[in-house]
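Presented below is the structure to which this report refers.
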Amino acid sequence: MSGNRTFTMIKPDAVGDGHIGAILHRINENGFKIVAMKYTKLSAEKAGEFYAIHRERPFFGELVAFMSSGPIVAVILEKENAVQSFRTLIGATNPAEAAPGTIRADFARNIGENAVHGSDSDENAQIESSFHFSGTEIFG
Ligand code: IDP
Ligand code: MG
């Protein structure tokens, strides 16, 4: 059974490029409800912890440096089939390959600086949400 929550971050590139409002609008327009939200900044240590699954990949150092380079917006979203529905809305990892009209196609800079994160499973949505929010910060 698929869950009804996913976790996203508006990444430092999109925050720096002034796209917070436009991305949140796109998210709301597509039927996602915001149940938790935080404007914050990851330390390099926390970014490394969040992306630990990628630590053997060649781009890991670059990813950690980028994700700790500026503020992010961390958000928990609610919608039926949230994980899969949100992955469709954000598009492929590489914006050059992302479908037209997706968030990454419209707002990302490149494969590394790609505007938004989206959880890839219900289990990871839960883990990633707990990484950023305590129970009293979630309003479902
Ligand atoms: P996803 O964000 O679409 O799930 P993942 O493969 O999980 O993509 O990679 C996590 C993040 O690592 C990407 O969103 C992107 O920021 C970064 N990344 C992925 N592949 C590359 C790459 O080839 N070069 C640089 N950064 C990358
Ligand atoms: Mg991923």
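Remember, predicted model here, so these are calculated numbers, not experimental data. Counting starts at 1 for both ligands and their atoms, following the listed order.
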With a 3.5 Å cut-off and sequence neighbours excluded, list the donor-acceptor pairs that the side chains of residues 58-71 form with protein atoms.
from  : atom 1 : to    : atom 2 : distance (Å)
Ser68 : OG     : Val64 : O      : 2.8
Ser68 : OG     : Ala65 : O      : 3.3
Ser69 : OG     : Phe66 : O      : 2.6

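- Remark: Lys79 fails to qualify as a cation-pi partner of Phe86 under the 6.0 Å distance and 45° angle criteria applied to the six-membered ring.
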With side chain to side chain contact (heavy atoms under 4.5 Å, CB included) as the test, would you mind laying out the steps for Ile76 and Arg5 before giving the verdict?
CA-CA 7 Å; Ile76 302 175; Arg5 283 186 182 178; 4.2 Å; yes
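- In this structure, the side chains of Asn28 and Ile34 come closer than 4.5 Å at one or more pairs of heavy atoms.
- Protein residues having a heavy atom under 4.0 Å from any atom of ligand 1 are Lys11, His54, Arg57, Phe59, Glu62, Leu63, Arg87, Thr93, Arg104, Ile111, Gly112, Asn114, listed by chain and number.
- For residues 44-54, the side chain to side chain donor-acceptor pair (under 3.5 Å) pairs, not counting sequence neighbours, are His54-Arg57.
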Just list the side-chain donor-acceptor pairs under 3.5 Å for residues 16-25, sequence neighbours left out, or say none.
from  : atom 1 : to     : atom 2 : distance (Å)
Asp17 : OD1    : Arg109 : NH2    : 2.9
Asp17 : OD2    : Arg109 : NE     : 3.0
His25 : NE2    : Glu29  : OE2    : 3.2

